[in-house]
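See below for the structure under consideration.
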Amino acid sequence: MGVRVPKDLAEYPQFGIDLAIVCESCGRIVVFDAGKAALFYFRKRLKTALPLDTSMFVCKCGSKNVRSAGVPIESRPDPLPPAPPRLDPLYVHSEGRARRRARG
């Protein structure tokens with residue numbers, strides 16, 4: 001019997017791991033809920049196999065030199081800081097549809 005390691009981002013929650021994105025330039029670490037990150041990757045049709053494709057991430061310092069890492073869920077601060085408010089649209093009209101309605 002050997003040690004099991006996650007082979008996919010979707011397995012991180014089973015192992016009690018969050019997803020961390022680490023900037024190699026400034027050292028900034030941003031941690032995401034692995035389940036929500038896996039859903040994001042799935043919806044964008046990105047591969048979730050490890051190592052992850054981190055090309056979409058850009059650090060606040062402007063560097064694209066980032067890597068992914070696993071962080072134990074136990075290291076989350078307690079309580080979690082509140083998420084910033086986000087305004088989501090109820091619906092979006094395409095420009096063509098709005099123009100057709102205006103013409104009557």
Side-chain angles (χ1 to χ4, degrees):
M1 300 192 109
V3 176
R4 287 190 58 221
V5 295
K7 294 183 171 85
D8 194 273
L9 178 59
E11 295 178 358
Y12 271 27
Q14 298 167 2
F15 285 85
I17 300 172
D18 282 330
L19 172 66
I21 302 297
V22 182
C23 178
E24 298 288 356
S25 298
C26 71
R28 179 182 170 89
I29 300 172
V30 179
V31 180
F32 298 96
D33 179 283
K36 291 179 182 178
L39 186 59
F40 172 83
Y41 269 74
F42 178 76
R43 286 181 177 159
K44 296 284 186 181
R45 298 181 185 258
L46 300 170
K47 292 182 182 178
T48 57
L50 298 178
L52 285 177
D53 175 18
T54 58
S55 61
M56 78 201 74
F57 294 103
V58 179
C59 183
K60 282 192 172 186
C61 73
S63 175
K64 290 186 178 185
N65 185 18
V66 296
R67 64 178 172 82
S68 65
V71 177
I73 289 176
E74 294 85 33
S75 64
R76 288 180 180 174
D78 190 35
L80 284 174
R86 181 176 166 186
L87 182 61
D88 291 323
L90 295 174
Y91 56 90
V92 177
H93 280 287
S94 66
E95 188 176 317
R97 184 176 180 185
R99 222 181 285 141
R100 284 191 302 270
R101 281 190 173 182
R103 283 189 230 154

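Values in this document were obtained by computation on a predicted structure and should not be read as measured data. Just the heavy atoms: all of them, side chains too, but no hydrogens, waters or symmetry mates, feed the values below.
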Note to self: Quick one, Thr48 with Leu46, criterion side chain to side chain contact (heavy atoms under 4.5 Å, CB included). Give me CA distance, side-chain angles, the key distance, then yes/no.
What the structure shows: CA-CA 6 Å; Thr48 57; Leu46 300 170; over 6 Å; no
Heavy-atom side-chain contact between [X] and [Y] under 4.5 Å:
X     : Y     : result
Phe40 : Met56 : yes
Val58 : Lys64 : yes
Arg28 : Val30 : yes
Leu19 : Leu52 : yes

What heavy-atom pair brings [X] and [Y] nearest, and what distance separates the two atoms?
X     : Y     : answer
Pro6  : Leu50 : O-CD1, 3.4 Å
Ala69 : Val22 : CB-CG2, 4.4 Å
Leu9  : Tyr41 : CD2-CD1, 3.9 Å
Ile17 : Ala34 : O-CB, 3.4 Å

Next item on the list: Kindly determine whether Arg76 and Asp33 satisfy salt bridge (charged side-chain N to carboxylate O under 4.0 Å, His left out), including the steps that lead there.
Entry: CA-CA 10 Å; Arg76 288 180 180 174; Asp33 179 283; 3.2 Å; yes
Next item on the list: State whether the number of non-hydrogen atoms from other residues, nucleotides or ligands found under 6.0 Å of Phe15 atom CZ is greater than 12.
Entry: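 More than 12 heavy atoms, drawn from other residues, nucleotides or ligands, come within 6.0 Å of this atom.
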Checklist line | Ser63/Cys26 under side chain to side chain contact (heavy atoms under 4.5 Å, CB included): CA gap, chis, key distance, verdict | finding: CA-CA 8 Å; Ser63 175; Cys26 71; over 6 Å; no
Check: If you group Ile, Leu, Val, Met, Phe, Trp and Tyr by side-chain heavy-atom gaps below 4.5 Å, do Val71 and Val66 land in one group?
Finding: no
Next item on the list: Would you sort out whether Tyr12 and Asp18 count as a side chain to side chain contact (heavy atoms under 4.5 Å, CB included), showing the intermediate values?
Entry: CA-CA 7 Å; Tyr12 271 27; Asp18 282 330; over 6 Å; no
Checklist line | Which residues share a side chain to side chain donor-acceptor pair (under 3.5 Å) with Asn65, sequence neighbours left out | finding: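 With sequence neighbours excluded, Asn65 shows a side chain to side chain donor-acceptor pair (under 3.5 Å) to no residue whatsoever.
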Note to self: Working to the nearest 0.5 angstrom, can you tell me the gap between Cys23 SG and Arg67 CZ?
What the structure shows: 10.0 Å
Next item on the list: Show your working on side chain to side chain contact (heavy atoms under 4.5 Å, CB included) between Ile21 and Thr54 and close with a plain yes or no.
Entry: CA-CA 8 Å; Ile21 302 297; Thr54 58; 4.2 Å; yes
